[in-house]
Amino acid sequence: MQIFLDSTDTKVIADFAATGLIDGVTTNPTLIAKSGRPMLEVIAEICDLVPGPISAEVAATTADAMIAEGAKLAQIAPNVVIKLPLTRDGLIACGHFANEGVKTNVTLCFSPTQALLAAKAGATYVSPFIGRLDDYGFDGMDLIRDIRAIYDNYGYETEILAASVRNTAHVKEAAVVGADVVTIPPSVFGDMFKHPLTDKGLEQFLKDWASTGQSIL
Ligand code: G3P
């Protein structure tokens, strides 16, 4: 499973990229606003930090304007992925970029039939929002499961990018049901390393090792 960071915090991205475990980064207009920085500058910096796919989202709502914005964003770096909303116009723009060989991430996906359309439009990634569905009393993971089944039934190559992830249980379940990618806030990535039994076990090992008086080096 590929792990992307859902962030525009370049310091945090650089820190976690140093683990060698980050395959890409996703951003959205909310995260750009949170950074307080010009979008083109932030995306360029992230593209330098992480060599994998970096999603940069358009702000336009008509297909022609999305295509113009996407073309500009694609010029930032070769690893930019154009993020488009799952609307009629977004999918027209997606089809355009698919024909041009430009990678896309179709976002704000909340239903299996939306995901089917994204695959038909040639999306590189589709982003179902797990957490926001959970917030509304649905089971976000059912959506991932349904999309997996649909894509496997017809051999669609669009990758399922589980988004709006709130905790490590979401990451585990997305991996179990076969999401190709999970994009996670940095705090959730940090939590993935942790287990109280790891801490307890290490403490005991270190204590026992110290009692031997040995040194490996
Ligand atoms: O980037 C899209 C998605 O991951 C947003 O998550 O937490 O705002 O629902 P959230």
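Quantities reported herein were computed from a predicted structural model and do not represent experimental measurements. Counting begins at 1 with the first residue of the sequence. Start at 1 and go down the list; that is how both ligands and their atoms are numbered.
Minimum interatomic distance between Val50 and Ile13 (heavy atoms only, all atoms of both residues): CG2-CG2, 3.7 Å. The two residues Ala17 and Leu49 make their nearest non-hydrogen contact at CB-O, 4.2 Å. Gly70 and Val58 make their closest contact through N-CG1, 3.9 Å (heavy atoms, listed as atom of the first residue, atom of the second, distance). Between Pro53 and Tyr125, the shortest heavy-atom distance links the atoms CG-OH, 3.2 Å.
Under a 4.0 Å criterion applied to the non-hydrogen atoms of Ala163, ligand 1 contributes the atoms 4 (O). Atoms of ligand 1 found under 4.0 Å from any heavy atom of Arg166, numbered from 1 in the order shown, are 7 (O), 9 (O), 10 (P). Residue Lys83 has at least one heavy-atom neighbour below 4.0 Å for each of these atoms of ligand 1: 1 (O), 2 (C).
Not close to ligand 1: Glu57, with no non-hydrogen atom less than 4.0 angstrom away.
With 3.5 Å as the limit, one finds no donor-acceptor pair spanning the side chains of Asp89 and Thr62. A donor atom on one side chain and an acceptor atom on the other are not found under 3.5 Å apart for Thr168 and Asp191.
At a 3.5 angstrom cut-off on N or O pairs, Ser164 counts as close to ligand 1. The distance criterion of under 3.5 Å between nitrogen or oxygen atoms is met by Asn28 with respect to ligand 1.
With distances taken over non-hydrogen atoms, the option nearest atom 4 (O) of ligand 1 out of Asp6, Val165, Leu133 is Asp6.
Considering Asn105, Thr183, Asn28 in turn, Asn105 is the only one that fulfils the side-chain hydrogen bond (donor to acceptor under 3.5 Å, both in side chains) rule with Ser127.
Counting only heavy atoms of the protein, atom 2 (C) of ligand 1 lies nearest to Phe129 CZ, 3.3 Å. For atom 8 (O) of ligand 1, the closest non-hydrogen atom of the protein is Arg132 NH2, 2.8 Å.
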